[in-house]
Amino acid sequence: MEIKKIKLENMLPRVFINEKIPSSEIWNAGILFERGIHYRIEAASGGGKSSLCAYVFGSRTDYRGTLYFNNTDARDLTIAQWQKIRCRHIAYLPQDLSLFPELTAWENIQLKNRLTGYADDAKIEHWLERIGISARRDYPVGKMSIGQQQRVAIIRSICQPFDFILLDEPVSHLDPVNNRIASEMIEEEAARNGAGIISTSVGNPLLLSNPVTLSL
């Protein structure tokens, strides 16, 4: 199933239901994310950006409203369908990175790449060199700086085919130079897949080309 669009109708995290929330272009509204378009979601801390990404990825379901992939309600998907979506259609970089600290950068990346078969070793080596962490290839990520860990997680996130990629504060600890490099790498892989990008930020955004900016 190619995912051409993701639609949210009157969605709201259940924790917000009895609270007064600021005006939002996403919560309690109707929003359509289309494949091939870049979206930047700006939000204050606590606004629900990580919840939004988790809902679209299917790792959380504590929301009111409806989430559609094309015209299919996400709540109707089977476990097998979710597994296929996560492996072939939706890439995800969570804010907490979800790396294994005892494993090296290379091992963390290959855990995913072996499942998807997306990139050969030369391509991954090129990405590590390009984003400035090739010297940390065989270094446990738990001993790396948070900025280095983010760069490992960025490479891991693009080691799969995808129709959309979800990136939750992916460059919050990167300097402008590495932010630009990471942004270019992500956009290149999105273009290769004809994919949409959905990226969140609370102040240091991914440097996307011509993004549609939404407030959460």
Side-chain angles (χ1 to χ4, degrees), residues 1-8 11 13 24-27 31-43 45 47-63 65-70 72 74-75 77 81-99 108-109 112-113 115-116 118 149-174 179 182-183 185-202 204-209 211-216:
M1 177 183 68
E2 176 186 2
I3 298 177
K4 295 183 178 180
K5 59 185 180 181
I6 298 172
K7 183 169 62 173
L8 282 61
M11 282 187 65
S24 169
E25 294 179 276
I26 295 176
W27 298 139
I31 187 72
L32 181 68
F33 296 110
E34 297 181 272
R35 187 175 177 181
I37 298 177
H38 301 172
Y39 299 90
R40 176 186 294 158
I41 299 175
E42 297 179 344
S45 181
K49 55 184 178 46
S50 295
S51 296
L52 173 64
C53 291
Y55 297 157
V56 174
F57 195 63
S59 54
R60 286 177 53 189
T61 59
D62 55 318
Y63 59 85
T66 312
L67 166 68
Y68 294 97
F69 293 126
N70 299 328
T72 300
R75 294 188 188 276
L77 295 171
Q81 287 173 318
W82 272 116
Q83 289 174 331
K84 184 175 181 181
I85 285 172
R86 293 167 183 158
C87 190
R88 297 291 168 185
H89 300 286
I90 296 182
Y92 181 32
L93 195 168
Q95 185 181 353
D96 66 7
L97 306 181
S98 295
L99 296 169
N108 269 280
I109 294 166
K112 180 175 185 179
N113 194 58
L115 292 173
T116 64
Y118 184 74
Q149 290 182 29
Q150 280 192 322
R151 283 177 273 174
V152 173
I154 286 167
I155 294 174
R156 183 195 57 188
S157 72
I158 57 177
C159 280
Q160 70 170 88
F162 56 89
D163 299 323
F164 287 88
I165 184 166
L166 308 170
L167 303 149
D168 191 9
E169 290 194 65
V171 293
S172 57
H173 293 275
L174 299 191
N179 186 343
S183 300
M185 289 169 55
I186 291 166
E187 285 198 317
E188 287 168 8
E189 290 307 306
R192 190 187 313 278
N193 286 276
I197 299 173
I198 302 173
S199 177
T200 73
S201 171
V202 293
N204 187 26
L206 196 67
L207 302 176
L208 300 174
S209 301
V212 174
T213 301
L214 301 167
S215 62
L216 187 63

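The figures that follow rest on heavy atoms only: side chains count, while hydrogens, waters and symmetry mates do not. Positions are given from 1 along the sequence. Here the structure is a predicted model, which is why all the values come from computation and not from measurement.
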[X] versus [Y], closest heavy-atom pair with distance:
X: Ser98; Y: Arg156; value: O-NH1, 3.0 Å
X: Leu32; Y: Lys5; value: CD1-CB, 3.7 Å
X: Ser50; Y: Gln95; value: OG-OE1, 3.0 Å
X: Asn113; Y: Cys159; value: OD1-CB, 3.8 Å
X: Asn204; Y: Leu174; value: ND2-O, 3.4 Å

In Å, rounded to the nearest 0.5 Å, how long is the span from [atom1] of [X] to [atom2] of [Y]?
X: Phe162; Y: Arg192; atom1: CZ; atom2: CZ; result: 9.5 Å
X: Asn70; Y: Arg35; atom1: CG; atom2: CZ; result: 10.0 Å
X: Ile165; Y: Ile158; atom1: CD1; atom2: CD1; result: 7.0 Å
X: Ser201; Y: Leu216; atom1: OG; atom2: CG; result: 12.0 Å
X: Ile186; Y: Ile197; atom1: CD1; atom2: CD1; result: 7.0 Å
X: Asn179; Y: Gln150; atom1: CG; atom2: CD; result: 9.5 Å

* Asked: Between Phe57 and Tyr92, how do the two ring planes meet: parallel, tilted or perpendicular, split at 30° and 60°?
  ->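 Rings of Phe57 and Tyr92: tilted, as their planes differ by 30° to 60°.
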
Taking C-beta and beyond as the side chain, do [X] and [Y] meet within less than 4.5 Å on heavy atoms?
X: Ile26; Y: Met11; answer: no
X: Trp27; Y: Leu52; answer: yes
X: Thr72; Y: Gln81; answer: no
X: Ser199; Y: Pro205; answer: no

* Asked: Would Ile154 and Val171 satisfy side chain to side chain contact (heavy atoms under 4.5 Å, CB included), going step by step from the backbone distance to the final call?
  -> CA-CA 9 Å; Ile154 286 167; Val171 293; 4.3 Å; yes

* To do: Please name the residue in the list Leu206, Leu93, Thr200 that meets the side chain to side chain contact (heavy atoms under 4.5 Å, CB included) test with Glu169.
  =>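 The option that passes is Thr200.
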
* Carefully, step by step, assess Leu77 and Phe69 under the rule side chain to side chain contact (heavy atoms under 4.5 Å, CB included). => CA-CA 10 Å; Leu77 295 171; Phe69 293 126; 3.7 Å; yes

* Please name all residues satisfying ring-ring contact (aromatic ring centres under 6.0 Å, His included) with Phe164, sequence neighbours left out, ordered by chain then number. => none

* salt bridge (Lys or Arg N to Asp or Glu O under 4.0 Å) involving Arg60 - partner list, sequence neighbours excluded -> Asp62

* **Of Gln160, Glu189, Arg88, the residue whose pairing with Tyr118 passes side chain to side chain donor-acceptor pair (under 3.5 Å)** => Glu189

* Walk me through it: do His173 and Gln149 pass the test side-chain hydrogen bond (donor to acceptor under 3.5 Å, both in side chains)? => CA-CA 9 Å; His173 293 275; Gln149 290 182 29; over 6 Å; no

* To do: Under the side chain to side chain contact (heavy atoms under 4.5 Å, CB included) rule, what do Phe33 and Ile41 come out as? Steps first, then yes or no, please.
  => CA-CA 11 Å; Phe33 296 110; Ile41 299 175; 4.1 Å; yes

* Pair Glu25-Ile31, side chain to side chain contact (heavy atoms under 4.5 Å, CB included): steps then yes or no -> CA-CA 8 Å; Glu25 294 179 276; Ile31 187 72; 5.7 Å; no

* To do: Output, in order, the C-alpha distance, side-chain angles, deciding distance and verdict of side-chain hydrogen bond (donor to acceptor under 3.5 Å, both in side chains) for Glu42 and Thr213.
  => CA-CA 7 Å; Glu42 297 179 344; Thr213 301; 4.9 Å; no

